[in-house]
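For reference, the structure discussed in these notes is given below.
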2 protein chains.
Amino acid sequence: MDPGRPQVTLQMLADRLGLHISTVSRALHAKPDEGRRAASSATIARIRKLADELGYRPNPHATSLRTQRSNLVGVLVPRLSDLVLATMYEGIEEAASEVGLSTFVTNTRDVPEVQRSHTEMVLARRVDGMIFGDAYVDGGFLDEIAARGVPFILVSRRAAGHTSVTCDDYLGGRLAAEHLLGLGHRHLAVIAGEPYASTGIDRTAGFVDRCAEEGVTVPAERIVHSAFDAPGGRRATETLLASTNRRGGPAPSAVFAVNDFAAIGAMGALRDHGRRVGSDVAVVGFNDTSLAAELPVPLTSVRSPMHQMGRRGLQLLNQLIAGQAAESERLTPVLTVRASSDPAAG
Amino acid sequence: MDPGRPQVTLQMLADRLGLHISTVSRALHAKPDEGRRAASSATIARIRKLADELGYRPNPHATSLRTQRSNLVGVLVPRLSDLVLATMYEGIEEAASEVGLSTFVTNTRDVPEVQRSHTEMVLARRVDGMIFGDAYVDGGFLDEIAARGVPFILVSRRAAGHTSVTCDDYLGGRLAAEHLLGLGHRHLAVIAGEPYASTGIDRTAGFVDRCAEEGVTVPAERIVHSAFDAPGGRRATETLLASTNRRGGPAPSAVFAVNDFAAIGAMGALRDHGRRVGSDVAVVGFNDTSLAAELPVPLTSVRSPMHQMGRRGLQLLNQLIAGQAAESERLTPVLTVRASSDPAAG
DNA sequence: CTGAAAGCGCTTACAG
DNA sequence: CTGAAAGCGCTTACAG
């Protein structure tokens, strides 16, 4: 905060102009239309000119202290190294700068104690509101935060009783099922993600329900929880294949992973077991991250509007901060078919 | 900043205890050893007890205003959706919270005007220092920032005249070359990254130099610049293959991509052209991101200590802020061999 | 050992 | 149209 040359203050501007600091402050805040109340237009022009020349930037700590508004937003995500969350955060940041807010992000690794402690740190910084990208579906912790009167919005994952911006994950699961059923698959498996995340829960539910409508059952042992990353997808797939070997019966001809990275891990594991993705076994992922199209076997994936989710999340939070209401939103996913499920798709 | 229930202030603590606010402040800051000067130990105990009970958290805006220190650090990265930068940022955040600093991150997409404007925004927030993960190798912009007296450290990329924490990229390039030469490859190509990033420049230089030592020349048209992502790697590979077709002569038997994502794009393109990665053509990446090992054809990669780079970067910045000197560091990379270059590696 | 005062840089009713 | 004052919540020499 002491970057070499001393910062320009209102007082310095006032001294040089022979005006009172309060006049300078008013002039700098005057909207073009309501300019008449602040100062004469000539004075306003002089003040603004000098402020520009000296590069005046209001000290945000002083402003925050005085106005009781920090224009700061705290963002919690499981991990920024997850492309899904990073992309969502880019949307949040973009929307924040459009409305003059700054954001703190922090990684909680989905660990409840870390969620707690980082929330306290963020609140200690006197943010105006928060965005949670790491909600547990039960929402117990969030109930406490809400009770403290902190405005917040959930993104990516929903939780009972709180406002969220999510992908319509249930629909996304249905789209995946429809696609695979249409290709004639009847022996299906799901790599379902973490049990506490609504994303995995809803995508799995949509998938299973749509299958049931077609008279196809996805047996419980074919639905395996997993971390939302490549190693997680690999492990889940090993579990899946091992249980098939143990029980006998037909191996799954198609695998739906609720996340692209888990899908990539699944592709690796399937290949290790001599099964060729796209021809021997179909794989469908979720999110349509930028990697999906570029893989050696391009990955069929349900695209979720991650960037947009971040943007809307911030905009809703901004409404809340302004004292307006905000309602949950579900954005529509789109299926993109590629060679991992349909060799004809190139 | 108005989360429902009013925040506890020093004044509230002082009133309840019948003490002066300055006494409360001193007591709360007293180190256990130098406690005698602050207040009697009985008083200190009373004060701390009440502070704990009421959950007192100092208002950081007031503290910053008074102390002229914000304990805030600004971090600029090209994009957080690049796993390399995201992992580095996790290291920065971790180290920051260990020393009581908070961080702002922002994406500049390697666009100079965005770097400028975001730097100004960050500085307007009165940060105590900055970390740049998006340095251009020429360092012109950074010279200006340095001239303004802002303490900062570069991570990932170096730039002439500024302190940086990088991977020893030159050595990394040499390791990649040594590996491929040892496998008998003589027709080599490089996907070299962006021309303004020292990472790509140094990795390429190390690779080319090591080849030269073995009497192997990497022709200029076999060194292709690229974006640091999968689409970039795919495009660069297409360029490479097209130029080979045009000129005739042997196609490259091995490709070194200065980034794992570019390598993934390269693998996709090679496969599209009917070349099997691992057997027909070797591919080596850089960074050893968590995806490398999980790909259908696991990727040989030079591991760079991304997390550690972030940690050290913040620690050096903290030294600078404390008025101490800081010297550039280069962390050592390690080659991990996998099937993309050596089928025997499984 | 504790209190009183000044001041960090700003905003905002209130005068005049 | 402009000025003067109060105060946001804290820290820190300085008294006593």
Side-chain angles (χ1 to χ4, degrees), chain A residues 1-3 6-31 34-48 51 54-72 100 123-126 128, chain B residues 1-3 6-31 34-48 51 54-72 100 123-126 128:
Chain A
M1 198 144 115
D2 178 20
Q7 300 276 351
V8 180
T9 65
L10 283 185
Q11 190 59 256
M12 293 169 60
L13 295 178
D15 288 351
R16 294 229 201 179
L17 293 163
L19 288 168
H20 189 96
I21 174 182
S22 63
T23 306
V24 177
S25 176
R26 257 180 279 119
L28 257 17
H29 282 90
K31 302 278 185 306
E34 41 151 344
R36 34 237 69 170
R37 309 255 136 263
S40 74
S41 49
T43 306
I44 291 184
R46 280 176 66 216
I47 292 172
R48 295 217 164 136
L54 301 188
Y56 171 72
R57 301 298 212 134
N59 183 317
H61 303 114
T63 304
S64 297
L65 188 58
R66 181 57 232 250
T67 62
Q68 303 288 72
R69 277 261 320 207
S70 63
N71 294 315
L72 249 28
L123 257 20
R125 276 277 170 194
R126 303 300 198 270
D128 291 333
Chain B
M1 196 142 119
D2 177 19
Q7 300 276 350
V8 181
T9 65
L10 284 185
Q11 191 59 256
M12 293 170 60
L13 296 179
D15 288 350
R16 296 228 200 179
L17 293 163
L19 288 168
H20 188 94
I21 175 183
S22 63
T23 306
V24 177
S25 177
R26 258 179 278 119
L28 256 17
H29 282 88
K31 303 279 185 307
E34 42 152 342
R36 36 237 67 174
R37 310 253 136 263
S40 76
S41 50
T43 307
I44 291 184
R46 279 175 65 217
I47 292 172
R48 296 217 164 134
L54 300 188
Y56 170 73
R57 301 300 212 133
N59 183 317
H61 303 114
T63 303
S64 298
L65 189 57
R66 181 56 235 246
T67 62
Q68 303 287 71
R69 276 262 321 204
S70 62
N71 292 317
L72 246 29
L123 257 19
R125 276 277 172 196
R126 303 299 198 272
D128 290 333

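In the text below, chain A, chain B and the rest are named by the order of the sequence lines, each starting its count at 1.
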Reckon Thr63(B) touches a base, only the sugar-phosphate, or nothing at all at heavy-atom distances under 4.0 Å?
sugar-phosphate

His29(B) has an atom NE2; how far is it from atom P of dC1(C), in whole Å?
20 Å

From CE of Met12(B) across to C1' of dG9(D) the rounded distance in Å is 12 Å

Without decimals, in angstroms, what is the distance between Gln11(A) CD and dC10(C) P?
9 Å

Contact pattern, 5' to 3', of nucleotides 3-8 of chain D - B, S or - by protein heavy atom under 4.0 Å
BBBBBB

Report yes if a side-chain nitrogen or oxygen of Tyr56(B) is closer than 4.0 Å to either non-bridging phosphate oxygen (OP1 or OP2) of dC10(D); otherwise report no.
yes

Give the rounded distance in Å between these two atoms: CZ of Arg125(A) and P of dG9(D).
17 Å

How many angstroms lie between atom CD of Gln11(A) and atom OG of Ser25(A), to the nearest 0.5 angstrom?
11.5 Å

Can you find a pair of side-chain heavy atoms, one from Asn71(B) and one from Arg125(A), that are under 4.5 Å apart?
yes

Would you kindly give the CG-to-C1' distance between Leu13(A) and dC10(C), to the nearest whole Å?
12 Å

Beyond-backbone contact of Arg46(B) with Leu17(B), side-chain heavy atoms, under 4.5 angstrom:
yes

Would you say that Gln68(B) contacts Arg126(B) through its side chain, given a criterion of any heavy-atom pair below 4.5 Å between the two side chains?
no

How about Arg16(A) and Leu54(A): do any of their side-chain heavy atoms sit closer than 4.5 Å?
yes

How many angstroms lie between OG in Ser41(A) and CZ in Arg48(A), if you round to the nearest 0.5 Å?
11.0 Å

Applying the Watson-Crick and G-U criteria (both distances under 3.5 angstrom) with [ ] for crossing and | for other-strand pairs, one obtains for DNA chain D |||.||||||||.|||

With side chains defined as the heavy atoms from C-beta onward, is the minimum distance between Leu65(B) and Asn59(A) less than 4.5 Å?
yes

Rounded to whole angstroms, how far apart are CG on Leu10(A) and P on dT2(D)?
16 Å

Gap separating the CD1 atom of Ile47(A) from the CG atom of Leu10(A), nearest 0.5 angstrom:
9.5 Å

Measure from CZ on Arg69(A) to C1' on dC10(C) and round the result to the nearest Å.
16 Å

Using 0.5 Å steps for rounding, measure from the CD1 atom of Ile21(A) to the CZ atom of Arg26(A).
11.0 Å

